[in-house]
Number of protein chains: 2
Amino acid sequence: MEFSSKLLEKAVNEMSQLPGIGKRTALRLVLHLLKQPREQTEFLSQSLLNMRSEIKFCKSCHNVSDVDICEICANPKRNHQMVCVVEDIRDVMAIENTGQFRGIYHVLGGRISPIDGIGPSQLNINSLVEKVKSGNISEIILALSSTMEGDTTNFYIYKHIKDCNIITSSIARGISVGDELEYADEVTLGRSIVNRIPFENSFKNN
Amino acid sequence: MEFSSKLLEKAVNEMSQLPGIGKRTALRLVLHLLKQPREQTEFLSQSLLNMRSEIKFCKSCHNVSDVDICEICANPKRNHQMVCVVEDIRDVMAIENTGQFRGIYHVLGGRISPIDGIGPSQLNINSLVEKVKSGNISEIILALSSTMEGDTTNFYIYKHIKDCNIITSSIARGISVGDELEYADEVTLGRSIVNRIPFENSFKNN
């Protein structure tokens with residue numbers, strides 16, 4: 001791609017560093033900004049800079065936050081004995097959107113994946129184990145992705161906390177609500193039969 | 001979408017103003033920046049700001065440029081009597097990449113589209129007509145999209161310059177190189193028969 005302007009080329013190159021944004025998309029986005037009032041580019045740049053330099057990670061759960069302890073961890077109405085372990089900030093948002101969980105979270109920041117060079121030391125696992133050993137927690141809910149890396153991470157955490165005398169649970173795997181059985185994959189369907197639940201529980205909400 | 005951080009929310013909202021970027025994609029991009037070194041966000045923001053505030057449009061052809069007259073218009077080796085009329089800066093890049101055109105360009109900045117509220121006065125049509133009337137041009141090549149708006153714009157330009165005694169041509173429409181006839185649409189195939197060319201010309205390159 002040949003550019004008639006170095007300024008344009010630089011902006012496109014920086015934009016195309018973002019995941020899933022190729023050179024052509026980057027050019028489209030940058031030319032869009034060029035057509036809009038100058039303020040839009042200023043607002044975008046400023047909000048990215050502010051976000052990157054001022055955002056904090058909650059000292060307790062590692063969720064993003066504007067203060068040292070995030071709103072969820074600082075909320076006395078939430079059950080601080082029940083910790084839901086998730087990979088990512090987006091998972092916290094997804095679970096919060098369901099309105100079904102009133103405990104607190106622990107964000108690992110990823111999952112163990114040797115192929116990507118991510119080991120337990122790069123994740124917030126030590127602080128979770130310490131939190132559990134402090135004795136103020138009664139239940140850990142493992143809510144990681146249902147992938148090999150997720151299962152590995154689940155098992156690694158379980159190995160470190162299994163002697164701590166707390167309940168360790170995993171979110172239910174099974175057929176999605178609204179799904180038809182014939183289209184479900186065999187592993188999911190098999191697990192959903194092995195881990196069947198009492199019928200009375202199946203229409204309980206919370 | 002509920003955010004645990006106002007800074008994050010603001011960055012995501014600004015990012016999702018870009019075309020084709022929804023809230024979820026914006027969140028993914030912003031969280032990616034958060035995981036990268038701070039410099040990446042600074043480079044991105046700074047290059048966007050520099051681009052938006054310092055970029056110029058060539059005073060002759062309206063292409064983006066770092067100086068008042070773009071490289072193409074300032075190049076004495078190019079044929080300044082032959083002007084290729086395009087909608088957009090991206091079209092200049094696309095034609096330049098072919099290496100088949102040695103004339104200069106004129107960027108309209110869009111096409112006439114009453115449904116989007118774009119009339120001739122919003123486009124760089126007047127400066128094109130003036131350029132033609134100045135008498136230094138021998139041929140105008142209309143290279144707009146083959147859509148109703150493109151055709152309307154072509155016709156509007158043609159109407160204003162047809163008395164100026166210059167050659168007005170349009171880029172060839174036909175079957176793409178490498179395409180099979182049976183999959184071509186009827187209009188394209190029909191046009192390619194009506195506008196057939198001498199066989200000797202079909203393997204000429206330049």
Side-chain angles (χ1 to χ4, degrees), chain A residues 1-15 17-21 24-25 27-36 38 40-58 63-67 70-72 88-90 92-93 96-97 105 109-110, chain B residues 1-15 17-21 24-25 27-36 38 40-58 63-67 70-72 88-90 92-93 96-97 105 109-110:
Chain A
M1 215 184 262
E2 289 251 355
F3 290 90
S4 56
S5 156
K6 291 275 170 227
L7 291 163
L8 184 69
E9 185 170 9
K10 215 173 154 201
V12 169
N13 283 343
E14 287 295 334
M15 198 63 127
Q17 302 278 316
L18 294 172
I21 307 281
R24 270 167 189 272
T25 309
L27 179 63
R28 193 164 53 83
L29 298 179
V30 168
L31 290 181
H32 171 82
L33 284 176
L34 209 52
K35 279 187 189 166
Q36 300 299 310
R38 188 176 292 190
Q40 187 173 340
T41 309
E42 285 165 4
F43 286 151
L44 173 63
S45 300
Q46 204 52 54
S47 63
L48 288 179
L49 282 174
N50 285 350
M51 185 275 298
R52 190 63 188 80
S53 62
E54 287 171 32
I55 217 165
K56 293 187 174 79
F57 290 92
C58 172
N63 189 9
V64 289
S65 169
D66 294 342
V67 283
C70 76
E71 278 177 25
I72 297 171
D88 198 84
I89 295 149
R90 275 176 288 181
V92 175
M93 291 166 71
E96 281 297 284
N97 277 342
Y105 295 92
Chain B
M1 215 184 263
E2 288 251 355
F3 289 90
S4 56
S5 156
K6 291 273 170 228
L7 292 163
L8 183 69
E9 186 171 7
K10 215 172 153 201
V12 169
N13 284 343
E14 287 295 335
M15 198 64 126
Q17 303 278 315
L18 293 172
I21 308 280
R24 272 168 188 271
T25 309
L27 179 63
R28 193 163 53 83
L29 298 180
V30 168
L31 290 180
H32 171 82
L33 284 176
L34 210 52
K35 278 186 187 168
Q36 300 300 310
R38 187 176 293 189
Q40 187 173 340
T41 309
E42 285 166 5
F43 287 152
L44 173 63
S45 300
Q46 203 52 53
S47 63
L48 288 178
L49 282 174
N50 286 351
M51 186 273 301
R52 191 64 187 82
S53 62
E54 287 170 33
I55 217 165
K56 292 187 174 79
F57 290 92
C58 172
N63 189 10
V64 289
S65 170
D66 294 343
V67 282
C70 77
E71 278 177 26
I72 297 172
D88 199 84
I89 295 149
R90 275 176 288 182
V92 174
M93 292 167 71
E96 280 298 285
N97 278 342
Y105 295 92

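Here is how names work: the chains are called A, B, and so on, in the same order as the sequence lines, proteins then strands, and each is numbered from 1. Excluded from the calculations below are hydrogen atoms, water molecules and symmetry mates; all remaining heavy atoms, backbone and side chain alike, are included.
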*Asks:* Looking at Phe43(B), I'd like to know if its CZ atom is crowded, meaning that more than 12 non-hydrogen atoms belonging to other residues, nucleotides or ligands lie closer than 6.0 Å.
*Replies:* no
*Asks:* Atom CG of Leu49(B) and atom CG of Leu7(A): how far apart are they, to the nearest 0.5 Å?
*Replies:* 12.0 Å
*Asks:* Can you tell which of Glu96(B), Gln17(B), Glu71(B) has the highest number of heavy-atom pairs within less than 4.5 Å of chain A?
*Replies:* Gln17(B)
*Asks:* Which atoms of Arg28(B) are under 4.5 Å from chain A, going by heavy atoms: the side chain, the backbone, both sets, or neither?
*Replies:* both
*Asks:* Identify the heavy atoms of Leu34(B) and Arg52(A) that sit nearest to each other, and give their distance.
*Replies:* O-NH2, 3.4 Å
*Asks:* Can you tell me which portion of Glu9(B) sits under 4.5 Å from chain A's heavy atoms? Options are side chain, backbone, both or neither.
*Replies:* neither
*Asks:* Please classify the contact of Leu48(B) with chain A as side chain, backbone, both or neither, using a heavy-atom distance under 4.5 Å.
*Replies:* both
*Asks:* Just give me the residue among Asn13(B), Asp66(B), Ile72(B) that pairs up with chain A most often, heavy atom to heavy atom, under 4.5 Å.
*Replies:* Asp66(B)
*Asks:* Is a salt bridge present between Asp88(A) and Lys35(B), judged by a nitrogen-to-oxygen distance below 4.0 Å?
*Replies:* yes
*Asks:* By a 4.5 Å heavy-atom criterion (distance strictly below it), what part of Thr25(B) contacts chain A: side chain, backbone, both, or neither?
*Replies:* neither
*Asks:* Which of the residues Leu8(B), Val67(B), Val92(B) is involved in the greatest number of heavy-atom pairs with chain A at under 4.5 angstrom?
*Replies:* Leu8(B)
*Asks:* Most heavy-atom pairs under 4.5 angstrom with chain B, which of Leu33(A), Val30(A), Asn97(A)?
*Replies:* Leu33(A)
*Asks:* Find the distance between CE (Met93(B)) and OG (Ser4(A)) and round it off to the nearest 0.5 Å.
*Replies:* 7.0 Å
*Asks:* Go through the atoms of Ile89(B) and report whether side chain, backbone, both or neither lie under 4.5 Å from a heavy atom of chain A.
*Replies:* side chain
*Asks:* Using heavy-atom distances under 4.5 Å, tell me whether Ile21(B) contacts chain A through its side chain, its backbone, both, or neither.
*Replies:* side chain
*Asks:* For Leu27(B), is it the side chain, the backbone, both or neither that has a heavy atom under 4.5 Å from a heavy atom of chain A?
*Replies:* side chain
*Asks:* Which answer fits Leu44(A), side chain, backbone, both or neither, if we ask what part of it has an atom under 4.5 Å from a heavy atom of chain B?
*Replies:* both
*Asks:* Just so I understand: if I count every heavy-atom pair under 4.5 Å between each of His32(B), Glu54(B), Lys10(B), Gln36(B) and chain A, which residue has the most?
*Replies:* His32(B)
*Asks:* Atom CE in Met15(B), atom CE in Met51(A): separation rounded to 0.5 Å?
*Replies:* 8.0 Å
*Asks:* Report the distance from atom CD of Glu42(B) to atom OG of Ser53(A), rounding to the nearest 0.5 Å.
*Replies:* 8.0 Å
